[in-house]
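All heavy atoms count here, side chains included; hydrogens, waters and symmetry mates do not. This one's a predicted model, so the numbers in the text were calculated from it and none came from an experiment.
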Amino acid sequence: MGAREMTEAIKRRDLSAREALESHIDQIQRVNGPINAVVTTDFERARELAAKADEATAQGKPTGLLHGLPMTHKDTFNTAGLLTTQGSPALKDNVPQTDDLQIARLAAAGAIRTGKTNVPEFGAGSHTFNEVFGTTTNPYDTALSAGGSSGGVAAAIAARIQPLGEGSDMGGSLRIPASFCNVVGFRPSYGVIPMPSATNSWAWLARSGPMARTVDDIALFMEATAGDSDKVLTPNTLTGRDFANLPPNALRGIRIGYSRDFGLGVPVEPEVLAVLDAQIAVFEQAGAHVEEASIDLRDADLVFGNTRAYDFATDLGDLVRSKRELIKPEVIWNVEKGWALDAEDLIATTAARTRLEIAVQAFFARFDLFLSPAAQVLPFDATWRYPQTIAGTPATTYLDWMRSACLISGTSLPALSMPAGFTADGLPVGLQMTANHYKDVALLAYARDFEQRTRYAERAPEWIAARLKGQEIR
């Protein structure tokens, strides 16, 4: 079931919250072993919450949008009373006292917490492995990466453990695992889901957002969680109500710019491009006008790289100073890059961000939607730390293979990865869709129109489908 289908069935009493929960737990036990997506569980508390949800339903009490929905949470989010390690040995025993805002809003909407999903250490890098819980692998080929940092969430959704989950995205952490695992990953506009911070309330690069197998479930998540918070002052004007009704046939008549290399010669594997190129006809058949064009992204690398480094140093600098020996080298490198920034670097970053925004608005004066690869590579060997080459181009840092997502992050625009088909070997490929600031609802409507014409996410991994039918293969 999808999330909307499940919650509506629970409210109608066609399905109990307890039945939904036990099915969820059974699926974790059935398929989690080969993928290692769920790394911490909270089943007894979940059973108590499911019983209370059924009692509320029976008594006709008001219910939330996510009433009775079982959901594991990404291990970078604080969960009150439940282990939250961020995948780091430095926090392997950390049990927070309060929920992060997004987790609290999900609970208030009726979601039932059942555990935590795996992440790379501190969410750094788009491949999910760490020294606390090990590596999460891809349900479509368990020898390959599920992406990251929301790789555990993406794998759980693709494996039919749950229909909906939350993640975060600074450099593609929702979009790349969505591309690798054949699900939808949505990075909203700044402040649409606020992210309070004890160290930097003005941070804009990282976002909270949802993952699901359908755009309707993404919209349901946004309906339940979007809106201002008195803990973070943002320019956001969108609320959950805005996501309640996506307009139909949204692609008809819109103008689309499509770029295979972001106008910068960004290397992308040929198999990825072959799958994406074939999707352009879908947009044209829907009545959209598509032409080859890109946002001028020449300043995006500088904006992303320096802002990310500054945010890493701000958020993790004290921990690196005190527990350096417990933290992976990629995180230390990013923190030290932030420490090395001087006034000249910050001035240059501000100027580059200004030029980049002028370029963004010049593009959207001509187009409604920007299409590009969500990931430059296909899911890769899960034993690697990261790909050393991208379409024959050597990588110089652990971020190079994520540049397709990082460039868009630098613009601050809302973006998502949509399931866009499969290679001849059956590996998923995602299409990145990007709209102008605060055009989040329109972006989801464009994505749903594409989804309804293609339905790629309905293709489950073969061994998952077999186990759901009670067969044991592979």
For D296, which residues count as a salt bridge (charged side-chain N to carboxylate O under 4.0 Å, His left out) partner, sequence neighbours excluded?
-> R298
Pair T76-S168, side chain to side chain contact (heavy atoms under 4.5 Å, CB included): steps then yes or no | CA-CA 8 Å; T76 52; S168 52; 3.9 Å; yes
In plain terms, say whether D216 and R4 are close enough for a salt bridge, that is, a side-chain N and a carboxylate O under 4.0 Å apart.
-> no
All side chain to side chain donor-acceptor pair (under 3.5 Å) counterparts of T396, not counting sequence neighbours | D400
Please assess Q361 against N436 for the test side chain to side chain donor-acceptor pair (under 3.5 Å), listing each intermediate value before the final yes or no.
-> CA-CA 8 Å; Q361 295 312 318; N436 207 348; 3.0 Å; yes
Partners passing salt bridge (charged side-chain N to carboxylate O under 4.0 Å, His left out) against R366 (at least two apart in sequence or in another chain) | E291
Measure from the ring center of H437 to the ring center of F364 and say whether it is less than 6.0 Å.
-> no
Name all residues meeting the salt bridge (charged side-chain N to carboxylate O under 4.0 Å, His left out) criterion together with R113; count only those two or more places apart in sequence or in a different chain, and write none if there are none.
-> D42
List the steps and the verdict of side chain to side chain contact (heavy atoms under 4.5 Å, CB included) for N182 and R213.
-> CA-CA 8 Å; N182 195 42; R213 293 189 297 271; over 6 Å; no
Do T349 side-chain atoms and D345 backbone N/O form a donor-acceptor pair below 3.5 Å?
-> yes
Applying ring-ring contact (aromatic ring centres under 6.0 Å, His included) to F77 and not counting sequence neighbours gives none
Around K328, counting heavy atoms of other residues, nucleotides and ligands shown, do more than 12 lie under 6.0 Å from its NZ?
-> yes
Will you find, in the side chains of S88 and E121, an N or O donor that is under 3.5 Å from an N or O acceptor?
-> yes
Modelled atom types, side-chain donor and acceptor of N94 and T84, under 3.5 Å = no
Contacts of E451 that satisfy salt bridge (charged side-chain N to carboxylate O under 4.0 Å, His left out) - sequence neighbours left out = none
With a 4.0 Å cut-off, would you call R260 and E292 a salt bridge?
-> no
Cationic tip of K92 within the cone over F133's six-membered ring, i.e. under 6.0 Å and within 45° of the normal?
-> no
Modelled atom types, side-chain donor and acceptor of T72 and Q162, under 3.5 Å = yes
Within a radius of less than 6.0 Å around CD of E131, do more than 12 heavy atoms belonging to other residues, nucleotides or ligands occur?
-> no
